Each structure stands twice: as structure tokens, then as C-alpha cells.
Amino acid sequence: MTNPSTAETRIGTERELDPSWWRQAAVYQIYPRSFADSDGDGIGDIRGITSRIPYLERLGVQAVWLSPFYPSALADGGYDVDDYRDVDPRLGTLEDFDAMVEALHRAGIRVIVDIVPNHTSHRHEWFREALASPKGSVARARYIFRDGLGHDGELPPSDWTSTFGGPAWEPVGDGQWYFHFFAKEQPDLNWNNPEVHADFLTTLRFWSDRGVDGFRIDVAHGLAKRLPDELPTQAELDALPKDGDHPLWDRDDVHGIYAEWRAVFNEYTPAKTAVAEAWVAADRRARYASAEGLGQAFNFDLLEADFEAGRFREIIAFNVELARQSGSSSTWVLSNHDVIRHATRYGLPPRGMSTTKAGADWLLSGGTSPVLDAAAGLRRARAASLLELALPGSAYLYQGEELGLHEVPDIPGASRQDPTFFRNPGVDIGRDGCRVPLPWTATGPSYGFGPGGAHLPQPGWFAASSVGAEDGDPGSTLTLYRTALALRTRLQGAETLKWLPSERDDVLAFERPGGWMSITNFGTMPLALPEGELLLSSVPLEGGLLPGEATAWLQR
Ligand code: GLC
């Protein structure tokens, strides 16, 4: 089974074998199609990633998480997987993948891959077999098929709507319908079927044996489902408590799946890690993060919060305590491939608790209304990122945030790709605006993304935010991230934090072990800093004071 002589031992120092490497890692999310394109076809690829390892090394991250790179028709940006144990030919080959893992490991960077177990793509061999097989067949039992209502099954089994908009049932022409949480190209698997369990264990071993260090689990709270014979209506479904016994979401029995996976992860030395993408109530998150389960779970609380001291404090205190109780470490996320970039979110009017939907109107207006205060957004984003990087636990960074990139709001409809755009005409513009290929140079084809074009149009303002423009500029966001990540690696101690008193309620100050202090001024009045050596600040001090909407790190 495991061949520990692969990449793990090639890097084999004690530090690399540290079983707790993930607890406080800075993990950089790569959206492979939009990171770097080596062959000029406009789509980022595996060799592109390998070519940028010096950049990642210089940035100072401990791991990368790769969004899906598997064969896919890209109905949902690769989250519609045709084959879980291969590389999309447009992105490369398994040999390219192995070479990338080896090179990343040589650079001391761990590799986390995305696993999408809730649904396959409709082109997956299992689903093709299900469509070609009759009602009641073994092939259909791997998915969630139901008879339609009406005389000939011409009506859907229920009025359920999909997360991406539109109906959640799709007819297959013989009176049966299949269920999909997301796009119709993403049929949900039936996790009550032992064959589904066995196949994913094979997939986890496949990538583990190739040397990956961990997994990010897509829609981890959705796999286990119990559909009653008589289906409730959507309204009835929405009214049911999400207490572990909901027919579709966050069921207690989902943890049986992760216990099986944990046994596989623990076959390796060091054990493979996993982080759950589980959009569940905060108090139900800990179970996904338990040592018997996936080990870590995303905490999206900060990503959903406005730039506001009280809310940040509440979230931080709650999650640090939650991590302590569960034995896991906290995770912090400000941006990812599903939400509006945080520089932009913070430059729009505050939205209370629904910031993932924040800016929906702004996006729909093509970025014209309300008016974005781009400079204020970036200023707050830099302050929030510096605060985030001082917190105990791991920080998940999304490609491009280290450049201070804004969301791209004005992608023409004809160029858009995200299914949420197509399934919700006029209501949801989709997530393409945070997935535009990265600008590496200030000039040249596709701003250095590759020798050809870019699969989503890049705006002219990308030039000023390119790696080329920011590299070496002491005031750039790239320099801020590089400096912060290097300091963080040096200063990171035990996973604790002590709040420091402040007379102002728009100020958040805390100290980490060893006297490392982080102070954020969420207000606009300049702030006198406590005694200590200034390590770094998100904007220069003015007259010895920390300006508004800024963070400083000090050493006591
Ligand atoms: C997760 C992914 C998102 C994808 C969805 C369906 O939420 O982050 O990008 O569309 O799952 O797989």
C-alpha cells in the first residue's frame, strides 16, 4: 500500500515529518485554471504551478491547496469531476502532477488536494452507466433516483430547488428523476451505498500514495442523506431544524464516513490531514474537525463579517475556544473562489451578517452601484489580513489576495462560466469575478499568466496589481504578505492568544506567546501604540501613531 519512499522521505527531515505541521500553517489556495498557464491555451495548468514554485517559496506559505484539476467539462469550474483519479488533459498528466508534488516538497511546501464526494459529474462513467441502465438497477443505486409524479412521472418528485437555483431534480426520460444539490451536471451520489464508500477510499489512497499531504473536502456536510418515501415540500424542508437529523444537510451519520476516512489517513506517516468545507452552525463545526474525523474544518465566520471590531472580537474569541475544546486548531479565511474578494467586500457598504451575498447588487450592476471605495477596501483588507495572520491556527489564503486584488465585476455575459450565473438570470452574477487569471507582469499577453490569452477577460487595472508591479515595492500588498508570512513563521508559538485591554471599542489588540502583539485600529482616529518594537504595519505610522483602519505588529 503506502510507499513511504516517495516524496515524504525525499524531503525527510524531522520538520517535514512533523505530524502537526498543519495546525498553524499558512495555506495558499490555488485555483489551477487561473493561476499560471504554461502552454498558452488560456487555461492554467500543472506545469504552470510548478513554474511558479519560487514565487510560492518567496511568499512564505507552508502548503498549497489545489482546487480540482481532474478531468471535467467545467460545468462548475472543475467541481464536476469525470474521473477522481486522473488529471484533466488540458491541465497536464499524472506525471506532471508527480513532478509538481516533488518540486513543492523540495521547496518545503505541502500539497492539499480537493476531494468532491457529494456529487460526480454527469460524464462520470458511473453516471453514464446509470443512464444506460434501467430503473432499479445497481448502476442507478449509486445515485439518488426517484420516480416522478404525475401519470407518467412527468412531474418532479418534489418542488425542491438546487443550491445554484432552478429545480433540484432532473428527468432522465423514463419517468425517473435524479437529485442534484448543485448544477444538473452534478448528480449527487448515494452515500447509503457501500460501493460509493469503497470507491472514495480508493481515491484517497490513490492521491495519498502519490505523496499528497492532505485533502480539502468539498460540501462535507452534504454527503449523508435520508430521503423519506414521502418527500416534504421545499418549504417544509426549510422549516426543519438542522440538528443532525435533517434529511439533506449536516446529518450526524455523515461522521461515520469521516471515521472511515480517518482510518485511511492514519495509515500514513505523518497522517494525512483533511479540512472540511462545511457551511454549518458554528457549534456543529467541531465534530467535522475532531481527531476521529477530518481533523480540521473551515471557519467562514470572518469571511461573512463586516470590517468591525466587535464582530471580529466575538468571532475570534469563539473560535479560539472552540478549537481548544475540540483539540483541533482554528482556521481563518477571508477570501476563496466562491466569494467576492475581501478588498472589494470591505470597500462596499456594510451588509451585516450576509457578506457572502454582499455586493450581489454591486456585481449585478457591473460594479457601478453602490460606488466601490476601492482604496478604503484595500486598506481595510490589508489590516484584516495582517490581523488574520497573527491569529493562532491556520490561515487559508486565496490566490491573488496577496496582490490586494479586487473582484472583477464587469465580465460580459458571453464570457462568464459560472453555473450560478446561468441558473439565476438577472439575480446572481456568479463567482467568475474572483477567478480571473492572475496578473504576473504589468504588460504582455494575459499579464504574464501565460504565452496566450486568459480564459476569463482580465481588466486593465490588473497591470498595477501584477506581481511584476508589486515585487520590490516596499508599500505593496505583496511585500506586506511576504514580510508578514516570514515573521509569522518565526514568531508562531503555542496556539493561544491573550486579549490586551484598550480604552477604545474600535480597537482590537492581542498578544501571542513570546510577546508578539497585534493591534488593529478599526476606527478612523489615530491610535497610540503600546510599548514595543514595531515589526510591521499595514500602513506607515503617522507621527508615531497607528492611523485608522490599520494593523500593527509589535514585539514586547
Ligand atoms: C463547494 C465549492 C464550490 C462548488 C460547490 C459544488 O462549495 O467550493 O466552488 O461550486 O462546492 O461542488
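This structure is a prediction, so every number in the text was calculated from the model and none was measured. Read the numbers this way: they start at 1 and go in the same order the structure lists the ligands and their atoms.
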For residues 65-78, which side-chain donor-acceptor pairs fall under 3.5 Å, sequence neighbours excluded?
{"residue": "Trp65", "atom": "NE1", "partner": "Asp114", "partner atom": "OD2", "Å": "3.0"}
{"residue": "Ser67", "atom": "OG", "partner": "Gln29", "partner atom": "NE2", "Å": "3.1"}
{"residue": "Ser67", "atom": "OG", "partner": "Tyr79", "partner atom": "OH", "Å": "3.0"}
{"residue": "Tyr70", "atom": "OH", "partner": "Asp114", "partner atom": "O", "Å": "2.5"}
{"residue": "Ser72", "atom": "OG", "partner": "Leu74", "partner atom": "N", "Å": "2.9"}
{"residue": "Ser72", "atom": "OG", "partner": "Asp80", "partner atom": "O", "Å": "2.7"}
{"residue": "Ser72", "atom": "OG", "partner": "Asp80", "partner atom": "OD1", "Å": "3.1"}
{"residue": "Ser72", "atom": "OG", "partner": "Asp80", "partner atom": "OD2", "Å": "3.3"}
{"residue": "Asp76", "atom": "OD1", "partner": "Arg431", "partner atom": "NH2", "Å": "3.0"}
{"residue": "Asp76", "atom": "OD2", "partner": "Gln186", "partner atom": "NE2", "Å": "2.8"}

Residues which pass ring pair (Phe, Tyr, Trp, His ring centres under 6.0 Å) with Tyr288, listed by chain and number, not counting sequence neighbours: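 For Tyr288, the residues satisfying ring pair (Phe, Tyr, Trp, His ring centres under 6.0 Å) (neighbours in sequence not counted) are His255.
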Over 12 non-hydrogen atoms of neighbours within 6.0 angstrom of CZ in Arg423: yes
Using 4.0 Å as the upper bound for N to carboxylate O, is an ion pair formed by Arg285 and Asp283?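 Between Arg285 and Asp283 there is no salt bridge, as every charged N stays at least 4.0 Å from the carboxylate O atoms.
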Does Tyr31 have its ring centroid less than 6.0 Å away from the ring centroid of His337?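 For Tyr31 and His337, the ring centres are under 6.0 Å apart.
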Under 4.0 Å from any heavy atom of [X], which atoms of ligand 1 are there?
X: Asp76; answer: 4 (C), 5 (C), 6 (C), 10 (O), 12 (O)
X: Val219; answer: 11 (O)
X: Arg435; answer: 9 (O)
X: Arg431; answer: 3 (C), 4 (C), 9 (O), 10 (O)
X: Phe164; answer: 10 (O)
X: His119; answer: 6 (C), 12 (O)

Going through the checks in order, is the ring pair (Phe, Tyr, Trp, His ring centres under 6.0 Å) test met by Tyr178 and Phe127? CA-CA 10 Å; Tyr178 68 87; Phe127 196 69; 4.8 Å; yes
Protein heavy-atom partner closest to [atom] - residue, atom, separation in Å:
atom: atom 11 (O) of ligand 1; answer: Asp218 OD1, 2.9 Å
atom: atom 7 (O) of ligand 1; answer: Glu277 OE2, 2.7 Å
atom: atom 8 (O) of ligand 1; answer: Asp338 OD2, 2.5 Å

Arg216 N/O to ligand 1 N/O under 3.5 Å: yes
Looking at Trp440, I'd like to know if the NZ or CZ of Arg52 sits under 6.0 Å from its six-membered ring centre while staying within 45 degrees of the ring's axis.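 Pair Arg52/Trp440 counts as cation-pi.
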